[in-house]
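Labels below follow one simple rule: chain letters A, B, ... track the order of the sequence lines, proteins then strands, and each chain is numbered from 1.
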Amino acid sequence: MDEYRQLWLKGAIIYAINLVSKGFKVVGIGLGERDFYVDIESDSILNLEEAKEFAKPSNNEYKINDNKLLYGNQEIALNEKITPSGDPQYFEILNISVHHPSPDKQYVRIRGVSFETEEQLKDYLSWLEKASETDHRIIGEKLDLFSFHDEVGSGLPLFHPKGQIIRNELMDYMREINASMGYQEVYTSHVYRSMLWKISGHYFMYKDKMLIFNQEDDELGIKPMNCPAHIMIFKSRSRSYRDLPVRFSEFGTVYRWEKKGELYGLLRVRGFTQDDGHVFLTEDQIKDEVKILISKTLEVLGKFGFSSNDVRLNLSTRPDESIGSDQLWEKATSALESALKELKLNYVVKDKEGAFYGPKIDFDIRDSLGRWWQLSTIQVDFNLPERFKLEYTDKDGSKKRPVMIHRAIYGTLDRFMAILLEHFRGKLPTWLSPVQVRVLPVNQSVQEYAKTLLSEMLKEKIRAELDDGDTLAKRIKRAYDEAVPYIVVVGRKEMENGTLTVRSRGNVERVIDAKQFISLLKREIVDRDLSNTAVSNS
RNA sequence: GCCGCAGUAGCUCAGCCUAGUAGAGCGCUGCCCUGGUAAGGCAGAGGUCCCGGGUUCAAAUCCCGGCCGCGGCUCCA
C-alpha cells in the first residue's frame, strides 16, 4: 500500500478542496495506514452518502507552504511530510468518524482512498476484502479456538479446547526461553487487599481500571498487574547480593477494565494472561540484563517469522503523571538507551509514553491490516522497590535497595495468538496447530490400517485425528478448511506397501513410508519449524 | 465514553424501501451411497426476526428509547 501514499495525499487534497468550495471548514489532512483522512469542523455530522458526493476529481489551484495547504483564503494543516503527486480520478469514501485532537475539540474525520485507474481501485477493494479473511476473530470462530458471549461479558474470551492447545504450546516454548535466562516460575493469587495496592501506588494511579470490591469489612482488588505479588515473594526472606539477579516468571492472568469502545477481539480484552517476569538486580546489572532480554525477544519473534520489517522498537520516556525522582528516571532511561545502542538496533523515541513507574522499551508488531500492536515490553522500575522498601545485603554487610525490571516477551498470550492467526492466516506452523494430522481412510476395508497409523502417531505425541465419515473429497475439503497441516490418505495401495499419501500445505503431495513420515514429522514438531519440513525436505 | 453503520436459525446472509402464514446455503440429526483427492443424494430438526414502547385491523418490515456488535477517535499488553 505504501506505493499509493503520494497519490492518496493528492486525492485527500482534492477532496478537501471540494469540501471547501461547498463552504465546509477543513482543518487537517493526512494519511492513515491504508487510506487518507480529511478533518472538518462541523456541527452536524455528514452521513456516508453525503460525504461521497465530494469524492470527485477537480483541478483547482492550491499551494503548499510549511506543512500547510493554502487554498482560497483557507489554511489547512497537512500532517504528512511527503509530497502529493499523481492524478487521482477514482475515489472511494470508506468511513466517517469523529476525531478528538484534544479533550475539548472535536472534528469530523472522513476516511477514503483515491486512484488513477479503476483497476487500482478494484485491486484495493479486493485487498481490503481479503484482509478481512485474515481477521483473527473470523479465523478463531472457523477453527473453533475461542468465543465471546453476551452473558459472559465484553472483552472476556473463552478458549475452546483447540485454542487452549495453542496457548499451551506457546507457554511450553516460553518456559524453555525463561529457563534459559535463569527464571524461576511462580504462581500468585488473583485478588489482593487494597492495602497492597496502596503500597504499590496502583490504588491511586490505576484505580479507574481496577475492579475493587468490599467483602467482610475488607476492601480488595483484582490484580491488573503481577508485580506486587512477585515483590512480596522477593520480600519473604532476606536476600544476598550473591542471589542477584533474582528472576521470577509467571503466566499471570490479570484484569483491566478497558472502556467498551477500546475492546477489539483478542487484541484488546479485559482479562488476559501475560508471560510476565520480574527481575530484581543491582543498578550495575541493568544494562546487561536488558541486552539479554532484547536479544532473546528478537530470537523469539524470529522463531515465529516476524522479520525486522514487522518489528519496531520504541524507547518510551517519562510521562507527565509519574512517581520517582528526576535522578532515578535519568539513570533508568540511560541504561535502556545504552543497551539499545550497544546492540546496534534502530529504535524510535516515544516521548512521555513511559509507564508511571519507569521508562520502557516496547516491541511493536504489525498485523495483517498494517496496524501496529505493542507486544513485548521491558520496563525498568526504581519506584516499586522504593515503595516496598526492598533490600539486599551487600558484600560489606550493608543493606542496599535493588532495582526491578518488568518484562513480557509475548506480551500476552491472547494478543500474541491473535497476531499469529493473522500473520499465518490461520495456517499455523505444525507445532502450534491444534490438529497436526488428519488421517483419511479411502474406505472401510483400510480402516484398521488407518487406526494403526493413528495410534503410532499418537504414541509420538503427534496430534492426529481420524476422519472416516463422508466422501473422501468432502473430508479433504474439511481438513483443508480447518487448516490441518498434513492430510494423510490411505487406501489398499498404501496398506500393502506400509506407506501413506500425504498432502501438505500448498498442495504438495507425496507417497512416503509411514514410519519415515512419522519420524520426519516428529522432528519438525520438536524443532518448532516454521514451514512443513517433514514433506518438503524428504 | 464520543461519532457513524449494523442486529433475522449454531455460522454466512436474503426478506424490510412498498406492513399481510419466517426463507436460503453451510453446519447438525437420520436414511441411502462404501468412496482414490477441494461440497454424492434424499429427508428432518432448528426462530422471543436483539429488548421495551408506540402507530396500525395487522409490525421482522414504519416511529421512539435502550442494549449489544462492528468501523473509527481516545487509551493500552
Side-chain angles (χ1 to χ4, degrees), chain A residues 32-33 35 37 39 42 44-51 93-103 105-111 128 132 135 137-138 141-142 144 147-151 153-155 206 208-209 224-225 252 254 256-270 272-276 316 353 355 360 362-365 369 371-377 379 406-416 418-419 440-447 468-481 487-494 501-503 507 509:
Chain A
E33 300 272 12
D35 48 29
Y37 63 84
D39 288 346
S42 173
S44 59
I45 188 132
L46 293 166
N47 66 37
L48 203 56
E49 215 156 294
E50 288 162 346
I93 299 305
L94 301 166
N95 170 281
I96 294 173
S97 64
V98 165
H99 173 60
H100 302 263
S102 64
K105 259 193 229 161
Q106 174 174 317
Y107 298 144
V108 175
R109 174 166 284 189
I110 301 163
R111 290 176 168 277
L128 247 196
S132 81
D135 189 316
R137 294 165 300 182
I138 294 164
E141 150 91 38
K142 207 171 80 182
D144 195 16
S147 57
F148 292 92
H149 305 267
D150 282 357
E151 299 89 331
S154 306
Y206 214 78
D208 57 330
K209 282 196 176 177
M225 294 183 193
V254 297
R256 299 180 188 172
W257 210 250
E258 308 291 352
K259 290 179 204 153
K260 203 178 280 173
E262 297 168 345
L263 303 173
Y264 181 75
L266 284 186
L267 285 168
R268 194 74 189 278
V269 288
R270 282 175 171 162
F272 51 91
T273 305
Q274 298 176 301
D275 62 315
D276 210 357
S316 299
E353 290 193 27
K360 60 181 181 176
D362 294 322
F363 296 67
D364 291 346
I365 299 274
L369 286 178
R371 288 167 304 198
W372 292 91
W373 293 92
Q374 189 180 314
L375 298 177
S376 321
T377 180
Q379 311 182 348
H406 309 247
R407 49 115 274 184
I409 292 180
Y410 293 141
T412 72
L413 295 179
D414 314 79
R415 178 176 286 185
F416 198 75
I419 294 284
L440 314 182
V442 169
N443 60 42
Q444 285 294 323
S445 69
V446 289
Q447 183 88 357
D468 57 359
D470 296 282
T471 58
L472 185 60
K474 192 161 188 175
R475 286 177 282 156
I476 285 171
K477 168 142 175 56
R478 183 155 56 215
Y480 181 86
D481 285 345
I487 303 172
V488 165
V489 175
V490 290
R492 179 182 300 230
K493 281 179 287 184
E494 287 83 356
T501 300
V502 60
R503 179 198 286 226
N507 278 342
E509 194 175 283

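Contact between the side-chain N/O atoms of A/R137 and the OP1/OP2 oxygens of B/G71 is found at a separation under 4.0 Å. Taking only side-chain nitrogens and oxygens, A/Y37 never comes nearer than 4.0 Å to OP1 or OP2 of B/C73. When the side-chain nitrogen and oxygen atoms of A/K360 are compared with OP1 and OP2 of B/A77, one or more of them lie within a distance under 4.0 Å.
Panel note: side chain A/D275, backbone A/L413; no donor-acceptor pair is recorded below 3.5 Å.
Contact annotation for A/V254: no contact, since no heavy-atom pair falls under 4.0 Å across all strands. Contact annotation for A/R256: base contact, defined as any heavy-atom pair under 4.0 Å involving a base atom. Contacts of A/R270 with the nucleic acid, taken as non-hydrogen atoms under 4.0 Å apart, are absent.
Figure legend. B/G23 is base-paired to B/C13; pairs are counted as Watson-Crick or G-U wobble with both atom distances under 3.5 Å. Pair check for B/G44 finds B/C28; Watson-Crick or G-U wobble, both atom distances under 3.5 Å. Using Watson-Crick or G-U wobble geometry with both donor-acceptor distances under 3.5 Å, B/U34 finds no partner in any strand shown. Pairing for B/U18 is absent, with no Watson-Crick or G-U wobble pair whose two atom distances lie under 3.5 Å. Using the Watson-Crick or G-U wobble rule with both distances under 3.5 Å, B/C62 pairs with B/G54.
If you take CG of A/D144 and P of B/G10, they are 16 Å apart, rounded to a whole angstrom. Between the CH2 atom of A/W373 and the C1' atom of B/A77 there is a distance of 10 Å, given to the nearest Å.
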**Message:** The test is side-chain contact (heavy atoms from CB on, under 4.5 Å); show your working for A/V442 and A/R492 and say whether it passes.
**Reply:** CA-CA 8 Å; A/V442 169; A/R492 179 182 300 230; over 6 Å; no
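Listed nucleotides B/A39, B/G69, B/C75 differ in distance to A/K477; the shortest reach to its side chain belongs to B/A39. Considering only the side chain of A/K474, B/A39 comes nearest among B/A77, B/G69, B/A39.
Ring geometry, A/F416 versus A/Y410: the interplanar angle falls from 30° to 60°, so the pair is classed tilted.
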**Request:** Treat primed atoms plus P, OP1 and OP2 as sugar-phosphate and everything else as base, then score nucleotides 30-37 of chain B 5' to 3': B for base contact with protein heavy atoms under 4.0 Å, S for sugar-phosphate contact only, - for none.
**Result:** ----BBBB
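Both A/K209 and A/E141 lie near RNA chain B, and the one whose nearest nucleotide falls closer to the 5' end is A/E141.
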